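Just the heavy atoms: all of them, side chains too, but no hydrogens, waters or symmetry mates, feed the values below. It should be emphasised that the depicted structure is a prediction, and the values quoted were computed from it without experimental measurement.
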Amino acid sequence: MKRYTVLSLFFLGIVIGVFFNSCNHNVTNDSISPLAIKQIDSLHTYFDIASDNSNAKERRLEAIDNFLQGTRKLKIDSLHHKGLSLYAKLLNKYKGPEKAIEQSYVLLQLAQQNRDSIYIGNALYKLGFYNKKLDNYLEAFGYYNQSFKVHRNLKDSINAGRCLMAMSNIHIALGDHNASKTTATDGLKYVENSSEYKIISGLYHGISISFNELKNPEKALFWNSKVLELLNDSIAKKKIGIRNLPIFKNTRANILAEQKKYEESIDILQSLLKDKNVIKKRTRYAQILNNLGYVKFLQNPKNSESETMLLKAYRIRLQNNNLVGLFASNIHLTKYYRNKDVEKARYHAREAYQSLKDFGNYEALLQVLNLITELDPESLEDHQRFKEASLKLMQLRKKTREIYAPTRFENENLLKENAEKNRKISEVRNENTIYLLGMLLLITGIGFIVYFFRQQMHHLNQQNKIVQFEASYETETRISKQLHDELGNDIFQVMMQYQNDPHDSHIKDKLNTTYLKARDISRENNEFETGVTYPEELNNMLKNYTQNGIQLIAIGFDRIDWDEMDKTIKITVYRVLQELMTNMQKHSQASLVKLRFSNTNDTLTINYSDNGVGVTKEHLQSKNGLRNTENRIRAILGTLIFDSEKGKGFTAEIQIPN
C-alpha cells in the first residue's frame, strides 16, 4: 500500500509541474507575442548588417540606429547593451574617438542602472580605449583600472589580464618602464596558463620593450624569445595573427642593435623587407626600412646606403600622412645628420617637434627636445619646454602609479585570502602525517632563514659601521667647520657690535642673516626617506636649488630603478648631489645645471655639468666639501672625477657599482 502511495504522489508531482510549466509557457507567449518574436528576428538582421565590414558606412550606421530604436521599444536591455557597444565602435571608426566616448558613457550609465557588471566592465574598457586614442593617458589609465577591478571581482581572468596589458602599454607610452614591467607581470598571473595567446604575447612584448629601454638587452631578448616561441604553435599563431610576426621580429632586431650585434639585426630587417605581409602594408614597410637604415648607420656612420634608406622611409610616411612614423623618421634623420650637417639635423629635429607638439605624448616630446637643446644649447625657450614636458611627464607617471598602487594592494590581499582558503581545504583533505611533515619542513626552513638572515645582517652591519663612521666623521667635521667659520664669526661680530652700541639698528639684520645660515646648515644635513618615496625626496632636494633663475635638466632620472638600489648607495647619491648643488649655488654663478642618470652593466653613472664660472685645478683640490664627496664615493667602491677650468663651467662624473 505504501509503495502505491509513493507512486501516486510521484505522478501527482509530475502533473502539477506540467500544469505550472504550461501556465508559465502561456504567460511567456502572452508577453512575447509572435509579432514581437518577428521583430526580434528583424533586429538581428539589422545587427548583422551593422557588423559586416563589407557594407558601406551609411548602411551600417542606419542599421545600428534601427536596431537601437527597436530594442528601446521592446525594452530588451541585453540587446540594447549589445547595440550600444557596436555603435560606439562604429562611431570611433567613422566619426572619431570623441563621439565613441560619448556613446560609451551612455552604455556605462545603462549598465549601472541595470547593475550589469559585465557591461559595466566592458563600457569602462571602451572609455579607456578611446581616451588612449586621444592621448588622454591619465583618463584612459583610470578607466582601464576600474574595468580591471570589475573583471577581477567577476573572476573574469581573461578580461582582467587584457586591462592590465592596456595599462602596461600606457606606462610604456609615458616612459615609465619599471612600472610597465610590474603591471605586465601582474597581467601574466591572470592569463599565462590560459589559451589567450594574443594577450600573453602582448604582455611578453611589453616586458621585452621595457627591459630594452631600461638598458637590459639580455632580459629583453629573453622575453622577446618567449613571444617567438609561442608562434611555433599553430593554434597560438592563428590567435596572435601571422601579420603581427614582423612586429616581434622588428623588436628583436632593435634589441640586437642595442647589444651592437649589428649583423644579426640587419639580417632580420632585410628578411622582413622581403616578407609579403610587410610589402603589402606600406606603413610597416617604411618602419622596417627606417630601422634598417639607422642600424646600418650605427654599424658604420659613413655607410652611403643609410641616408638613402632613411629618406625613402621618410617619403613613404609623408605620402601616407603617418604622423607617428614621421616622428620616428625625423628622429633618426636628426641623429644621422648631427655630426654631418647641423642645419639638416636641426630641420628634422624641429619637424619631429612640430609633428607631436599638439599631442599628449610627453615621452616623445622629451626625446626630441633633448636633441633640439643639444643642437641649439643657447635656446632658453627650448630648455623651458624641456623642463615643462619633463615636469608634466613626471606628474603623469606619479598619478598612474598612485591609481594602480591601491588596486595592486587589493590584488595581493585577495591572493592571500585565496591562498588561505586553499590552505585550509588542503589541511582538511591531507593526512596528519603529511601535515606534520609540512610543519617540520616549515620549521626547518624558518630556522635556516633566521640563521642565514643573522649571518647576513652581521656581515652587513660590520660593513655599514665602517661606512657610517667615515661618513659621520666627515659630516661632523664639515658641520663643525661651518659652525666655526660661518656662524661663529657672525655671532662674535654681533656681540662686539652690541658691546659698542646696544641700540645699533643693524644688529637685528645681522641676527636674521645668522639665523638663515643656521637654517641652511640644518637643511643640508637633515634626515631623508630612503624607501619608496626616495625618488621624490631626491627630486625635491634638487628642485630646492633651482631658485633665482637657475634651470635644472635631469635626463634619465625616472629610468633608474631606485627600489633596487642599496640604502647606502641612495644615501651617498643624495649627499654627493647635495654637495655638488650647494657648491654650484654658492660659488659657480651658473644659470643652467644638467644631470644625466644611467644604469648600465650594473653601474650607476651620474654626469653633472653646469655653465658657471668654473675653478682652477688648484682651487678644486683645496675644497673640503668636494674632498668629502670623494671620500663618500670611495667608501662604496665608486669613483668621482671632477673637471673644470676658469670660465668654462664645472663637470663631474660619478660611477657606483650596484
Any [X] side-chain heavy atom under 4.5 Å of [Y] side chain:
X	Y	answer
Arg252	Ser225	yes
Met565	Asn599	yes
Asn169	Tyr144	no
Ser609	Arg596	no
Ile550	Met584	yes
Thr334	Leu375	yes
Glu381	Ile372	no
Gln287	Ile247	no

Is it the case that [X] and [Y] place a side-chain donor and acceptor less than 3.5 Å from each other?
X	Y	value
Thr568	Asp566	yes
Tyr545	Thr582	yes
Tyr404	Asp186	yes
Thr251	Asn224	no
Asn607	Thr651	no
Glu363	Gln367	no
Glu307	Tyr337	yes

[atom1]-[atom2] distance between [X] and [Y], expressed to the nearest 0.5 angstrom:
X	Y	atom1	atom2	value
Ile656	Leu637	CD1	CG	10.5 Å
Ile170	Arg397	CD1	CZ	14.0 Å
Ile633	Ile636	CD1	CD1	5.0 Å
Asp610	Gln585	CG	CD	12.0 Å
Tyr137	Asn131	OH	CG	11.5 Å
Lys387	Leu552	NZ	CG	7.0 Å

- Just say parallel, tilted or perpendicular for the rings of Trp223 and Tyr204, cut-offs at 30° and 60°. tilted
- Query: Taking the inter-plane angle between the rings of Phe650 and Tyr608 on a 0 to 90° scale, is it parallel (under 30°), tilted (30 to 60°) or perpendicular (over 60°)?
  - Reply: perpendicular
- Query: With sequence neighbours excluded, what pairs up with Glu305 under the side chain to side chain contact (heavy atoms under 4.5 Å, CB included) test?
  - Reply: Lys296, Asn303, Met309
- Of all residues at least two apart in sequence or in a different chain, which pass the side chain to side chain contact (heavy atoms under 4.5 Å, CB included) check with Glu536? Lys398, Asn540
I'd like to know whether [atom1] of [X] has more than 12 heavy-atom contacts from other residues, nucleotides or ligands below 6.0 angstrom.
X	atom1	answer
Lys249	NZ	no
Glu374	CD	yes
Lys335	NZ	yes
Glu218	CD	yes

Without placing hydrogens or testing angles, list every side-chain donor-acceptor pair under 3.5 Å for residues 206-215, not counting sequence neighbours.
residue: Ser208; atom: OG; partner: Ala220; partner atom: O; Å: 2.8
residue: Ser210; atom: OG; partner: Ser180; partner atom: OG; Å: 3.0
residue: Ser210; atom: OG; partner: Gly206; partner atom: O; Å: 3.2
residue: Glu213; atom: OE1; partner: Arg559; partner atom: NH1; Å: 3.3
residue: Lys215; atom: NZ; partner: Glu258; partner atom: OE2; Å: 3.2

- Message: So, applying ring-ring contact (aromatic ring centres under 6.0 Å, His included) with His348, which one of Tyr336, Phe327, Tyr314 is it?
- Response: Tyr314
Is there a donor-acceptor pair under 3.5 Å between the side chain of [X] and the backbone N or O of [Y]?
X	Y	answer
Asn250	Ile288	no
Asp341	Lys344	yes
Asn145	Phe141	no
Thr182	Asn178	yes

Taking every non-hydrogen atom, the tightest pair across [X] and [Y]:
X	Y	answer
Ala140	Lys132	CB-N, 3.6 Å
Ile560	Phe597	CG1-CB, 3.9 Å
Arg317	Ser329	NH1-OG, 2.8 Å
Val576	Thr629	CG2-O, 4.1 Å
Ala652	Leu640	CB-CD1, 4.3 Å
Ala257	Val295	CB-CG2, 4.0 Å

- Full working for side chain to side chain contact (heavy atoms under 4.5 Å, CB included) between Leu380 and Leu592: CA-CA 10 Å; Leu380 291 177; Leu592 180 66; over 6 Å; no
- Task: Could you go through the side chain to side chain contact (heavy atoms under 4.5 Å, CB included) check for Asp558 and Met394 one step at a time?
- Result: CA-CA 8 Å; Asp558 290 309; Met394 286 179 67; 3.3 Å; yes
- Task: Given side chain to side chain contact (heavy atoms under 4.5 Å, CB included), test Trp562 with Leu538 step by step and report yes or no.
- Result: CA-CA 11 Å; Trp562 295 107; Leu538 181 57; 4.0 Å; yes
- Task: For Arg408 and Thr183, run side chain to side chain donor-acceptor pair (under 3.5 Å): C-alpha distance rounded to whole Å, both residues' side-chain angles, the deciding distance at 0.1 Å, then the answer.
- Result: CA-CA 9 Å; Arg408 194 158 193 258; Thr183 308; over 6 Å; no
- Dump the intermediate steps for side chain to side chain contact (heavy atoms under 4.5 Å, CB included) on Val593 and Gln551, then the final yes or no. CA-CA 6 Å; Val593 177; Gln551 284 197 347; over 6 Å; no
- Query: Is Arg346 paired with Glu343 through a side-chain N to carboxylate O contact shorter than 4.0 Å?
  - Reply: yes
